[in-house]
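Here is the structure we will look at, set down as structure tokens.
Below, read A as the first sequence line, B as the second, and so on, with proteins coming before strands; counting in each chain starts at 1. Quick caveat, the model's predicted, so the values are computed rather than measured.
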Amino acid sequence: MTGLRLGYACINTQLPSPARTARLSNLTTERILELVDANLGALEAILCWNRDHEIQVFRLTSNLIPFASHPANTLPWWDIFGERLSRLGSLIRSGDMRISTHPGQYTVLSSARADVVAAAVAELDYHDRLLSSLGLDASHRIVVHVGAGVADRSAAYDRFAAGYAQLSNGAAGRLVLENDERWPLDTTLELAERLRVPVVFDVFHHALAPSLEPLGARELVLRANETWCRRDGRQEVHFSTQQAGKRPGAHAETIDFDAFDRFVDEVGDLPLDCILEVKDKEQSVIRARARQRRERSE
DNA sequence: AAACGTCAAGTTCCG
DNA sequence: CGGAACTTGACGTTT
């Protein structure tokens with residue numbers, strides 16, 4: 001398929017959450033088993049919903065296995081839930097779906113602190129183990145930000161590269177970098193090309209921290225595309241806009257069709273997997289697709 | 001039952 | 001140098 005495939009992140013507003021967790025103070029083996037069981041059930045419901053609505057792009061929540069990379073969780077969840085994970089993987093593959101994950105702000109491979117880097121490595125290895133347990137190949141990616149060290153980018157690149165070298169082969173083979181407010185696209189590309197990993201172009205973050213001017217959206221997407229090769233899977237991009245009246249950087253409640261139409265005008269013909277980062281999740285995907293269909297038929 | 005403060009984790013900025 | 005903001009959904013206690 002050519003053209004944009006639209007997807008959303010982590011939760012479906014109409015279905016139970018696959019991201020239930022516990023407090024460390026209450027954590028027991030039984031509680032973890034109960035939560036993983038519930039989260040996998042919720043994920044299955046979302047994947048079925050996505051299949052029924054022909055949505056093929058989806059981001060898995062990091063909370064699917066609570067405390068997965070934390071010393072408090074020593075359960076071999078990949079064994080205990082092996083069969084269910086494998087069945088979910090079949091559902092994903094048979095639906096020709098593209099799955100990604102996106103560890104949050106606490107996963108900092110470029111940190112100056114060795115303990116923080118070790119925790120980041122453990123977290124990224126967990127994400128790889130999850131995707132591998134689902135039976136998904138390396139085209140199903142783990143997306144991270146460059147992280148700390150904006151004051152001395154060169155030193156941060158070196159620390160990130162050293163952390164990257166500590167990853168399991170699986171995690172390293174799935175890693176993708178994303179531009180953000182602190183690491184504009186040009187700096188992200190520089191590190192990515194050094195490591196030979198692909199880059200997710202995030203339209204909103206780019207607007208907040210522009211670089212490579214005067215290139216427009218299409219040229220920037222094509223520039224990021226140079227970092228993707230065939231086995232990496234389809235190029236991923238992120239689309240969102242500013243929530244009016246909120247702090248700069250706050251994601252909008254719902255899709256902004258003026259901005260989205262402009263983006264689609266520029267890149268709608270390219271084979272992209274595009275994640276909408278909006279609070280109303282699948283609602284925006286459904287509305288955007290209805291709109292695309294209407295436009296095509298006119 | 002609804003509201004509200006808190007939660008594993010890091011980094012940066014502000015006072 | 002200590003503390004809040006950042007982002008965010010869910011938890012868990014309080015009202």
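Between N63(A) and the phosphate of dA10(C), there is no side-chain N or O to OP1/OP2 separation shorter than 4.0 Å. Within the structure, a side-chain polar atom (N or O) of S17(A) is placed less than 4.0 Å from OP1 or OP2 of dA10(C). Close to dT8(C), at under 4.0 Å from its OP1 or OP2, lies a side-chain N or O of H251(A). Taking only side-chain nitrogens and oxygens, S25(A) never comes nearer than 4.0 Å to OP1 or OP2 of dC7(B).
With distances taken from any side-chain atom of V108(A) to the nucleotides dA8(B), dT11(B), dG9(C), the minimum falls on dT11(B). When each of dG10(B), dA8(B), dA10(C) is scored by its nearest atom to the side-chain atoms of I11(A), the top-ranked nucleotide is dA10(C). Distances were taken from every side-chain heavy atom of R113(A) (C-beta onward) to each of dT12(B), dG10(B), dA10(C); the shortest belongs to dG10(B). When distances run from any side-chain atom of R20(A) to the nucleotides dA10(C), dA8(B), dT8(C), the shortest one goes to dA10(C).
The separation of dA9(B) from dG12(C), taken at their P atoms, amounts to 16 Å, rounded to a whole angstrom. Taking atom C1' in both dA3(B) and dC6(C), the straight-line distance is 23 Å, to the nearest Å. The separation of dG2(C) from dA8(B), taken at their P atoms, amounts to 23 Å, rounded to a whole angstrom. Distance check on atom C1': dA4(C) versus dG5(B) gives 15 Å, rounded to whole Å.
Among the protein residues, T107(A) comes within range of no part of the nucleic acid, since none of its heavy atoms lies under 4.0 Å from any strand. Nucleic acid contact class of G147(A) (heavy atoms, under 4.0 Å, all strands): none. Counting non-hydrogen atoms under 4.0 angstrom, A119(A) reaches nothing in the nucleic acid. Residue contacts shown for G104(A) are absent, as no nucleic acid heavy atom lies under 4.0 Å away.
Salt bridge present: D115(A) and R113(A) bring a charged side-chain N and a carboxylate O closer than 4.0 Å. By the 4.0 Å N-to-carboxylate-O rule, R231(A) lies too far from D137(A) to be salt-bridged with it.
The ring of W183(A) has its center closer than 6.0 angstrom to the ring center of Y157(A). If you look at H251(A) and F204(A), their ring centroids are closer than 6.0 Å.
Summarising the base pairing, dC4(B) is matched to dG12(C) through a Watson-Crick or G-U wobble pair whose two defining distances lie under 3.5 Å.
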